[in-house]
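Here's the structure we're looking at; comments come further down.
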Amino acid sequence: MTQNPDFTSKTWVLASHNVGKIKELTEMMAPLGIQIGDAASHDLPEPEETESTFEGNAALKSEAAFRRTGLVSLADDSGLSVDALNGDPGIYSARWAGEPRDFNKAMETVWTQLTASGSADRTARFVSVIALTTEQGETHLYRGEVVGEIVWPPRGEGGFGYDPIFQPEGETRTFAEMTSDEKRQLSHRARALDAMLTDQFPDRS
């Protein structure tokens with residue numbers, strides 16, 4: 001891989017306190033030889049997510065991390081969008097889990113509202129937008145999506161968040177029933193990251 005000249009440092013910061021996201025993105029970035037520090041290791045507060053889109057909130061978080069650390073910063077804003085719920089929970093996916101976050105309750109809420117809607121449509125999509133703020137303070141946005149359907153009851157012990165109720169299109173297992181490597185081949189976050197790597201590191205091997 002040829003190092004992008006825009007990145008002189010191989011120490012970046014990931015603006016997230018979400019253990020699942022940190023693990024996924026750190027594993028995905030490992031082949032680049034870039035050391036990822038998370039929000040906790042840099043004592044980063046969580047900025048209020050005041051934007052109305054995944055793109056807006058991802059940029060808000062990466063830019064806040066860059067201003068505080070001066071390091072190349074990554075942030076992910078992602079969520080589950082259910083067609084029959086007009087895209088909900090969408091950017092509010094984490095907030096549906098409450099504080100402290102309880103995704104079992106959040107999944108129950110999705111299923112309860114989907115049942116109450118009267119719709120037979122179970123189509124949903126996971127969306128991830130990765131924001132990259134470079135050493136020059138420029139922010140680039142990369143979006144990844146994976147389409148699937150909501151299943152009930154939840155299945156699987158792996159993954160995190162809404163993974164146990166999301167079955168990707170063409171698969172018979174939920175994300176939570178897959179290994180991390182299997183999920184990585186399909187996931188919205190992997191697709192967003194691959195778009196970033198293709199753009200920023202086109203010569204990577």
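We find the CG-CD1 distance between Leu74 and Ile36 to be 5.5 Å, quoted to the nearest 0.5 Å. Put simply, CE on Met196 and NE2 on His140 are 10.5 Å apart, with the number rounded to the nearest 0.5 Å. If you take CD on Glu24 and OG on Ser187, they are separated by 5.5 Å, rounding to the nearest 0.5 Å. A distance of 11.0 Å separates CG in Asp199 from CG in Asp194, rounded to the nearest 0.5 Å. For the atom pair Phe160 CZ and Phe103 CZ, the distance stands at 8.0 Å (nearest 0.5 Å). For the atom pair OG1 of Thr11 and NE2 of His42, the computed distance is 7.5 Å after rounding to the nearest 0.5 Å.
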### Message
side chain to side chain contact (heavy atoms under 4.5 Å, CB included) for Asp163 and Lys183? Distances and angles first, verdict last.
### Response
CA-CA 10 Å; Asp163 284 356; Lys183 179 185 173 184; 2.6 Å; yes

### Task
Please lay out, stage by stage, how Glu63 and Thr133 fare under the test side-chain hydrogen bond (donor to acceptor under 3.5 Å, both in side chains).
CA-CA 6 Å; Glu63 289 167 1; Thr133 302; 4.9 Å; no

### Task
Could you walk me through whether Ser73 and Ser62 pass side-chain hydrogen bond (donor to acceptor under 3.5 Å, both in side chains), step by step?
CA-CA 5 Å; Ser73 298; Ser62 70; over 6 Å; no

### Task
Give the intermediate values and the outcome of side-chain hydrogen bond (donor to acceptor under 3.5 Å, both in side chains) for residues Thr134 and Gln136.
CA-CA 5 Å; Thr134 68; Gln136 293 73 37; 3.2 Å; yes

### Query
When you look at Leu80 and Phe166, which way does the side chain to side chain contact (heavy atoms under 4.5 Å, CB included) test go after all the steps?
CA-CA 9 Å; Leu80 176 71; Phe166 183 81; 3.9 Å; yes

### Message
With salt bridge (Lys or Arg N to Asp or Glu O under 4.0 Å) as the criterion, how do Arg184 and Glu182 come out once you've worked through the C-alpha distance, each side chain's angles and the decisive distance to 0.1 Å?
### Response
CA-CA 5 Å; Arg184 192 177 299 123; Glu182 288 171 332; over 6 Å; no

### Query
For Ser119 and Asp121, what are the C-alpha separation, side-chain angles and deciding distance, and is it a side-chain hydrogen bond (donor to acceptor under 3.5 Å, both in side chains)?
CA-CA 5 Å; Ser119 174; Asp121 185 4; 5.0 Å; no

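Residues meeting the salt bridge (Lys or Arg N to Asp or Glu O under 4.0 Å) test with Arg95, sequence neighbours left out: Glu49. Not counting sequence neighbours, the partners of Arg143 by the side chain to side chain donor-acceptor pair (under 3.5 Å) test are Glu55, Glu145.
Contact detail for Asp77 and Ala58: the closest heavy-atom pair is CB-N, 3.7 Å. Of all heavy-atom pairs spanning Arg191 and Gly144, the tightest one is CB-CA, 4.0 Å. Considering all non-hydrogen atoms of both residues, Leu186 and Met178 come closest at CD1-CE, 3.7 Å. When all heavy atoms of Gly90 and Ser81 are compared, the closest pair comes out as CA-OG, 3.7 Å. The minimum heavy-atom distance linking Ala84 with Leu114 is given by the pair CB-CD1, 3.6 Å. Residue Pro45 comes nearest to His17 through the heavy atom pair C-CE1, 4.4 Å, listed as atom of the first residue, atom of the second, then distance.
Donor-acceptor pairing under 3.5 Å is lacking for the side chains of Arg122 and Gln167. With hydrogens and angles left out, the side-chain atoms of Ser78 and Asp76 include a donor and acceptor closer than 3.5 Å. A donor and an acceptor atom, one from each side chain of Asp181 and Thr179, are nowhere located under 3.5 Å apart. Remark: the Thr50 side chain and the Glu48 side chain contain no N/O donor-acceptor pair separated by less than 3.5 Å.
A continuous path of hydrophobic side-chain contacts links Ile165 to Trp96 [ILVMFWY only; heavy atoms under 4.5 Å]. Note: the hydrophobic cluster containing Tyr142 does not contain Val127 (ILVMFWY, side chain heavy atoms under 4.5 Å, direct or indirect links). The same ILVMFWY cluster, assembled from side-chain heavy atoms under 4.5 Å apart, contains both Val110 and Phe126.
No side-chain heavy atom of Asp88 sits less than 4.5 Å from a side-chain heavy atom of Val82. Side chains of Pro89 and Tyr162 form a contact here, defined as non-hydrogen atoms less than 4.5 Å apart. No side-chain heavy atom of Arg155 sits under 4.5 Å from any side-chain heavy atom of Pro164.
Without hydrogens or angle criteria, Ser41 side chain to Gly37 main chain gives no donor-acceptor distance under 3.5 Å. Under the 3.5 Å distance criterion, the side-chain polar atoms of Asn57 are matched with a main-chain donor or acceptor of Glu51.
The aromatic rings of Phe175 and His188 lie parallel to each other, with less than 30° between the two planes, well short of the 60° mark.
Under a 4.5 Å side-chain heavy-atom criterion applied to ILVMFWY residues, the cluster that includes Leu44 comprises Val13, Leu71 as well.
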